[in-house]
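Note sheet for the following structure.
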Amino acid sequence: MKVATFNANSLRSRLHIVLPWVGANQPDILCIQETKVQDHEFPIDVIAETGYQTIFCGEKKYNGVAILSRCELNDIVFGLDDEPKDPARLICARLESTWILNTYIPQGRARDSEMFAYKLRWFERLKIFLNRRFTPTDRILWMGDFNVARDERDVYDPKRLWGHVCYCQEVQDVLQDLMDWGFIDLFRQFCEEPGHYTFWDYRMPRALQQNLGWRLDYIMATQSVAIKAMACQIDTKARAFEKPSDHTFLVAEFDF
DNA sequence: ATGGTCGGCAACCGA
């Protein structure tokens with residue numbers, strides 16, 4: 001079993017990346033965030049040609065999540081509970097006995113903004129979502145763009161960037177609270193080193209070449225799945241495109 | 001803490 005996550009920043013404008021990548025890497029599951037496409041315009045057909053079926057939940061201009069799968073997905077849920085207005089940040093589905101949870105967590109804009117309060121609340125409501133459906137002994141893979149750097153190893157300049165909406169105490173605390181529920185950060189299980197990133201801001205010239213990045217994307221696993229993990233890696237090669245996304249693929253492999 | 005540059009989509013918003 002191989003799973004991956006990728007923030008596309010518009011799926012339709014990154015099909016030249018996504019389609020060859022799934023063809024070459026053959027993941028069982030690919031979770032995508034920021035599809036930026038309404039459901040009636042979703043490119044189902046070109047994806048189906050690669051042998052993948054897709055579930056998706058999008059809206060105009062912003063957000064949007066999708067899961068590509070080679071096997072049948074069941075028990076599909078779109079969005080957090082009690083928020084029919086904003087469903088395009090979460091998809092959850094079951095693949096046999098394993099739950100796949102794909103989230104695009106709010107970025108937060110500025111720490112004194114309403115969007116930052118919304119971000120913190122979003123994590124709390126995700127915990128309610130989990131408690132309603134699951135227990136920590138269930139097999140769950142929670143992945144996506146979390147917009148949180150967990151510690152100083154996860155940003156290129158920890159001193160200068162401390163206080164950013166993606167790298168401050170409040171967001172680290174709410175993510176840690178969810179991890180305490182029962183999730184293991186698979187990338188960190190295999191790599192303790194600083195400087196391994198999944199996002200390089202393309203407003204910053206040559207950010208990738210200088211490795212001025214952030215680790216904002218995660219594959220989290222409950223214990224029963226984490227013990228089956230054989231590898232978790234960031235595919236930095238996938239950034240070598242003429243029109244890259246500013247995120248890259250994060251991949252995990254399991255012996256089931 | 002910012003700026004920068006993208007994508008969507010037609011004037012800015014969000015990242």
Side-chain angles (χ1 to χ4, degrees), chain A residues 5-19 21 31-43 46-47 56-66 79 83 85-90 102-123 143-152 154-172 174-175 197-218 234 236 238-250:
Chain A
T5 180
F6 178 60
N7 179 316
N9 185 19
S10 171
L11 175 57
R12 284 175 297 178
S13 69
R14 308 296 176 206
L15 284 170
H16 66 288
I17 298 175
V18 171
L19 297 178
W21 194 90
C31 291
I32 301 176
Q33 305 84 37
E34 285 204 89
T35 56
K36 292 190 176 182
V37 59
Q38 296 174 91
D39 291 348
H40 70 272
E41 295 179 303
F42 194 94
V46 285
I47 294 171
F56 47 85
C57 181
E59 63 182 317
K60 203 173 187 175
K61 289 179 88 170
Y62 307 119
N63 309 321
V65 282
E83 187 157 64
K85 281 194 311 183
D86 187 20
R89 291 181 180 273
L90 181 151
N102 176 16
T103 59
Y104 173 49
I105 292 172
Q107 192 264 0
R109 195 175 305 174
R111 268 170 101 190
D112 59 0
S113 72
E114 185 49 44
M115 281 305 285
F116 187 68
Y118 176 66
K119 178 181 192 173
L120 299 179
R121 237 179 15 246
W122 209 94
F123 278 97
M143 60 187 116
D145 180 353
F146 292 13
N147 275 311
V148 176
R150 288 192 57 218
D151 64 48
E152 66 283 352
D154 299 323
V155 291
Y156 67 90
D157 188 341
K159 287 199 179 96
R160 192 166 66 91
L161 296 171
W162 183 247
H164 186 279
V165 290
C166 296
Y167 181 59
C168 61
Q169 198 63 56
E170 296 97 308
V171 293
Q172 289 178 348
V174 287
L175 177 54
Y197 307 129
T198 63
F199 165 81
W200 299 263
D201 192 339
Y202 54 31
R203 290 173 294 186
M204 183 177 277
R206 305 188 59 79
L208 179 67
Q209 290 79 0
Q210 300 175 79
N211 200 30
L212 304 179
W214 305 59
R215 193 169 73 100
L216 302 179
D217 302 271
Y218 294 88
I234 297 163
T236 47
R239 284 264 311 179
F241 282 88
E242 211 172 296
K243 266 179 27 179
S245 176
D246 48 13
H247 292 249
T248 191
F249 293 81
L250 174 66

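Being a predicted model, the structure only gives us computed values, none of them experimental. The sequence lines fix the lettering, A, B, ..., with proteins before strands; numbering per chain opens at 1.
In the model, A/K36 has no side-chain atom that pairs as donor or acceptor with a side-chain atom of A/N63 under 3.5 Å.
When heavy atoms are screened at a 4.0 angstrom cut-off, A/R206 is found touching no nucleic acid atom at all. Residue contacts shown for A/Y167 are absent, as no nucleic acid heavy atom lies under 4.0 Å away.
A residue-by-residue look at A/Y104 and A/K243 shows that A/K243 has its nearest nucleotide of DNA chain B further toward the 5' end. Comparing A/G163 and A/F199, the nucleotide of DNA chain B nearest to each residue sits closer to the 5' end for A/G163.
By the 30° and 60° cut-offs, the orientation of the rings of A/H16 relative to A/F241 is perpendicular.
Proximity of A/R203 to the phosphate of B/dA15: no side-chain N or O atom is located under 4.0 Å from OP1 or OP2. Residue A/R14 places at least one side-chain N or O closer than 4.0 Å to OP1 or OP2 of B/dG7.
Of the listed nucleotides (B/dA15, B/dG7, B/dC9), B/dG7 has the atom at the smallest distance from the side chain of A/S13. Checking B/dG7, B/dC9, B/dA15 against every side-chain atom of A/E34, the shortest atom distance belongs to B/dA15. The side chain of A/M204 lies closest to B/dG4, out of B/dG4, B/dG8, B/dG14.
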**Request:** Apply side chain to side chain contact (heavy atoms under 4.5 Å, CB included) to A/F116 and A/C168, showing your working.
**Result:** CA-CA 11 Å; A/F116 187 68; A/C168 61; 3.8 Å; yes

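Separating the P atom of B/dA1 from that of B/dA11 is a span of 33 Å, rounded to the nearest Å. Here, B/dC9 and B/dG14 have their C1' atoms 13 Å apart, quoted to the whole Å.
Spacing between atom NZ of A/K61 and atom C1' of B/dA15 amounts to 13 Å, rounded to whole angstrom units. Distance CG (A/D201) to C1' (B/dG3): 10 Å, rounded to an integer number of Å. Whole-Å rounding puts the A/D246 CG to B/dG7 P distance at 10 Å. When the P atom of B/dG7 is taken as reference, atom CD of A/Q107 falls 18 Å away, rounded to whole Å. A straight line from CH2 of A/W200 to P of B/dC6 spans 16 Å, rounded to a whole angstrom. Following rounding to the nearest Å, A/I105 (CD1) and B/dA15 (C1') show an atom-to-atom distance of 15 Å. Rounding to whole angstrom units, NE2 of residue A/H164 and C1' of B/dA15 are separated by 9 Å. Look at NZ on A/K36: it is 8 Å from C1' on B/dC6, rounded to the nearest Å.
From A/W214, atom CH2 reaches atom NE2 of A/H164 across 4.0 Å, with rounding to the nearest 0.5 Å.
Put simply, the side chain of A/R14 gets close to the backbone of A/A8: a donor and an acceptor are under 3.5 Å apart.
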